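Down below is the structure, laid out as C-alpha cells.
Note that the coordinates shown come from a computational prediction; the quantities given were computed from them, not determined experimentally.
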Amino acid sequence: MKNLIQNSICLLLIAVSTTITAQPSSPSDESKTGHYLYVATPGIRDYLGYGGHGLVVFDIDNNHQFVKRISTQGFHDDGTPSNVKGIDISIPLNSLFITTLESMQRIDLETEKVLWEKKYEGGCDRLSISPDGKTIYLPSLEKDFWRVVNAEDGKEIAKIKVHSRAHNTIYGPSGNQVYMADIGSPELHVADPKTHKVIKKVGPFSAGIRPFTVNSDESIVFVNVNELLGFEVGDIKTGQKLASIKVEGWDKGPVRRHGNPSHGIGLTPNEKEIWISDGHNMRMHIFQAFPPYQQLTTIPLSDMPGWITFSIDGQYAYPSSGEVVHAKTREILYFLKDDNHNTVSSEKMIEVFMKDGKAYNAGDQFGLGRKN
C-alpha cells in the first residue's frame with residue numbers, strides 16, 4: 001500500500017510538472033513580434049473611464065483585439081494618474097516616450113519597463129522625436145518655450161522661446177525642420193534642429209493654431225485654428241496662408257473639451273484627403289486635400305473626437321473617440337476594447353511593428369503625409 005501511494009504521488013507530481021511546462025508563455029512573451037497599436041491612457045484629460053491608466057496594446061492584424069496592458073508612471077502629487085499629453089517612439093533606442101502634464105517617461109519596448117521618468121519645470125505637452133531617434137522637441141505646458149532634450153537620458157540640450165502657449169510639435173520627416181504650434185500665436189514657428197533656432201514662420205492664420213499636420217515633402221501645412229469649424233492651409237516654403245475652409249452644413253456649437261470646434265486633423269498617407277474633427281456634432285468631416293478642398297462626406301462617431309491619425313498603409317483611421325474606421329469605405333469596423341471590455345478612447349496612440357521585442361517601423365501620432 002505504501003509503495004502504491006508513493007507511486008501515485010510520483011505520477012501526480014509528473015503530471016503537474018508536465019502541465020506547468022506545457023502552459024503557454026505570458027501575453028507579454030507572446031507579443032514580442034507583431035503589428036500593434038499602442039494607446040496611452042488617460043489620454044482624454046485625467047478621465048480614467050476612457051481606458052484606465054497605462055499603455056493598452058491592440059493587435060492590428062487580429063481585428064484590433066486587446067493584447068495586454070503595460071504599466072506606466074505619470075502621476076500627480078496626490079498619486080492619481082496624470083493626463084497623457086503625447087506619445088512618440090525612438091526606434092534606435094527601442095523605446096516609447098510618454099509625456100504627462102508634469103513629466104516625460106521612457107519605456108523600453110522589449111522589457112516593458114520604465115527606464116526613467118523626469119519632471120520638467122513648466123510641465124510637458126505633445127513631444128516629437130527626430131527621425132534618427134536621438135533628439136526630442138518637448139513643449140512646456142502652455143508656457144513660452146520648448147525644450148530640446150537628449151532622448152537617451154532626458155537631459156536638456158537647449159531651450160527655444162517662442163510666444164506664450166507652447167503646444168503641439170512635429171519633427172519633420174526629413175529631419176531638417178521642426179514645426180511648433182503655439183496656441184497664443186496665429187503663426188506656425190519653424191526651427192532648424194541644427195541650431196535650435198526659429199528660422200521662419202508660416203502664416204499668420206486667422207487665429208491661434210491647434211492640431212496640425214504636414215505633407216511628406218514638408219511643403220504644405222494643414223491647421224486647425226481657434227473658433228473655426230474647418231481648417232486652414234499654409235505654404236511652408238513661402239510662409240503664406242493659402243486657404244481657409246469651413247465645414248458646410250453643420251452648426252458650430254459648444255464643445256465639452258478643448259474649447260474649439262475642430263480639434264483634430266489628419267492627412268491620409270496618400271495625401272488625398274484631410275479628415276477634420278467636429279466636437280459639437282461628434283463627427284469626422286472629410287475633404288479633398290488639394291484645391292478646391294471639396295467637402296466629401298461625414299462620419300458620425302460615438303463621442304466627441306479631439307484627435308485623428310491613420311495607419312501607415314492608410315487602411316485604418318483612428319479618431320480619439322475609440323472607433324477603428326476603414327478609411328476607404330468609411331465603415332466603423334471595431335471599437336478599441338480593453339481588458340475590462342470598456343471602450344478605450346485616447347488622443348495619444350501610435351502604430352508599431354515589432355520583431356523579437358524590437359521595433360523596426362512605426363507610425364506617428366499626427367496623421368502625417370507619406371506620399372514620398
Side-chain angles (χ1 to χ4, degrees), residues 86-93 97 99 124-140 144-151 156-205 208-225 231-243 265-269 271 274 289-290 309-310 312 350 362-372:
I87 184 171
D88 208 348
I89 188 171
S90 169
I91 290 178
L93 296 178
F97 291 79
T99 51
C124 304
D125 214 313
R126 194 177 287 265
L127 77 163
S128 189
I129 301 178
S130 59
D132 65 9
K134 296 179 179 179
T135 307
I136 298 173
Y137 266 59
L138 176 64
S140 57
D144 64 350
F145 64 91
W146 264 258
R147 281 187 172 87
V148 184
V149 172
N150 185 312
E156 182 178 312
I157 298 169
K159 188 177 287 186
I160 305 173
K161 290 252 183 161
V162 182
H163 191 266
S164 60
R165 298 178 65 191
H167 196 36
N168 292 313
T169 320
I170 293 176
Y171 214 117
S174 68
N176 296 324
Q177 295 189 139
V178 184
Y179 307 96
M180 304 181 294
D182 185 312
I183 300 176
S185 172
E187 295 178 303
L188 181 71
H189 293 70
V190 183
D192 180 347
K194 298 182 185 68
T195 62
H196 306 308
K197 304 288 186 183
V198 174
I199 55 172
K200 68 170 73 170
K201 297 177 184 179
V202 184
F205 297 98
I209 300 171
R210 307 305 294 272
F212 69 101
T213 190
V214 299
N215 63 352
S216 55
D217 68 5
E218 299 176 57
S219 61
I220 301 294
V221 60
F222 301 87
V223 303
N224 289 143
V225 296
F231 65 99
E232 296 188 341
V233 187
D235 186 315
I236 294 174
K237 297 185 185 304
T238 67
Q240 299 299 305
K241 172 182 165 182
L242 299 177
I265 183 169
L267 182 61
T268 54
E271 303 184 11
I274 279 285
F290 47 87
T309 190
F310 298 90
I312 291 174
I350 193 164
D364 66 86
Q365 56 185 326
F366 276 91
L368 301 178
R370 296 178 178 275
K371 186 175 179 181
N372 292 341

Self-check item: Atom pair CD1 (Ile350) and CZ (Phe366), whose distance is rounded to the nearest 0.5 Å
Solution: 10.5 Å
Quiz prompt | Arg370 vs Ile312 side-chain heavy atoms within contact, under 4.5 Å | solution = yes
Exercise. Report the distance from atom CD1 of Ile129 to atom OG1 of Thr169, rounding to the nearest 0.5 Å.
Key: 11.5 Å
Quiz prompt | Side-chain donor or acceptor of Thr213 paired with backbone N/O of Gly367 under 3.5 Å | solution = yes
Self-check item: Flag side-chain contact, heavy atom, 4.5 Å: Ile199 against Gln177
Solution: yes
Self-check item: For Asp132 against Thr135, the heavy-atom pair lying closest together
Solution: OD1-N, 4.2 Å
Quiz item: What distance separates Ile160 CD1 from His189 NE2, expressed to the nearest 0.5 Å?
Solution: 11.0 Å
Quiz item: Which atom pair, heavy atoms only, marks the closest approach of Val225 to Phe205?
Solution: CG1-CB, 4.0 Å
Exercise. Could you check if a side-chain atom of Trp146 sits within less than 4.5 angstrom of a side-chain atom of Val148, using non-hydrogen atoms only?
Key: no
Exercise. State, with a plain yes or no, whether a side-chain heavy atom of Ile265 is found less than 4.5 Å away from one of Arg210.
Key: no
Quiz item: If you measure from OG on Ser90 to CD1 on Ile136, what distance do you get to the nearest 0.5 Å?
Solution: 7.5 Å
Quiz item: Which pair of heavy atoms, one from Gln365 and one from Leu127, lies closest together, and at what distance?
Solution: NE2-O, 3.0 Å
Exercise. Indicate the atoms forming the closest heavy-atom contact of Gly175 with Pro193, along with that distance.
Key: O-CG, 3.3 Å
Quiz prompt | Gap separating the CG atom of Asp364 from the CG atom of Asp88, nearest 0.5 angstrom | solution = 8.0 Å
Quiz item: Sub-3.5 Å donor-acceptor pair from the side chain of Asn215 to the main-chain atoms of Ile220, do we have one?
Solution: yes
Quiz item: So, Lys197 and Asp192, do they make that salt bridge, N to O below 4.0 Å?
Solution: no
Practice problem: Could you go through the salt bridge (Lys or Arg N to Asp or Glu O under 4.0 Å) check for Arg165 and Asp125 one step at a time? | Solution: CA-CA 10 Å; Arg165 298 178 65 191; Asp125 214 313; over 6 Å; no
Quiz item: How about Glu271 and Ser216: do any of their side-chain heavy atoms sit closer than 4.5 Å?
Solution: yes
Quiz item: What pair of heavy atoms forms the shortest contact from His163 to Gly184, and how long is it?
Solution: CE1-O, 3.3 Å
Quiz item: From Ser140 OG over to Lys161 NZ, what is the distance, rounded to the nearest 0.5 angstrom?
Solution: 9.5 Å
Practice problem: Assign the ring pair Tyr171 / Tyr137 to parallel, tilted or perpendicular, where the plane angle (0 to 90°) is split at 30° and 60°. | Solution: perpendicular
Quiz item: Taking the side chain as C-beta and beyond, is there a heavy-atom pair between Ser219 and Lys237 under 4.5 Å?
Solution: yes
Quiz prompt | Polar side-chain atom of Thr99 near backbone of Gly86 as donor-acceptor pair, under 3.5 Å | solution = yes
Quiz item: What do you reckon, is NZ of Lys134 surrounded by more than 12 foreign heavy atoms closer than 6.0 Å?
Solution: no
Quiz item: Is there side-chain contact between Ser164 and Asp182, with heavy atoms separated by less than 4.5 Å?
Solution: yes
Self-check item: Shortest non-hydrogen contact from Val214 toward Pro173
Solution: CG2-CD, 4.5 Å
Quiz item: Under 4.5 Å between any side-chain heavy atoms of Val221 and Tyr179, yes or no?
Solution: no
Quiz prompt | Donor-acceptor contact present, side-chain Glu232 to main-chain Ile209, <3.5 Å | solution = no
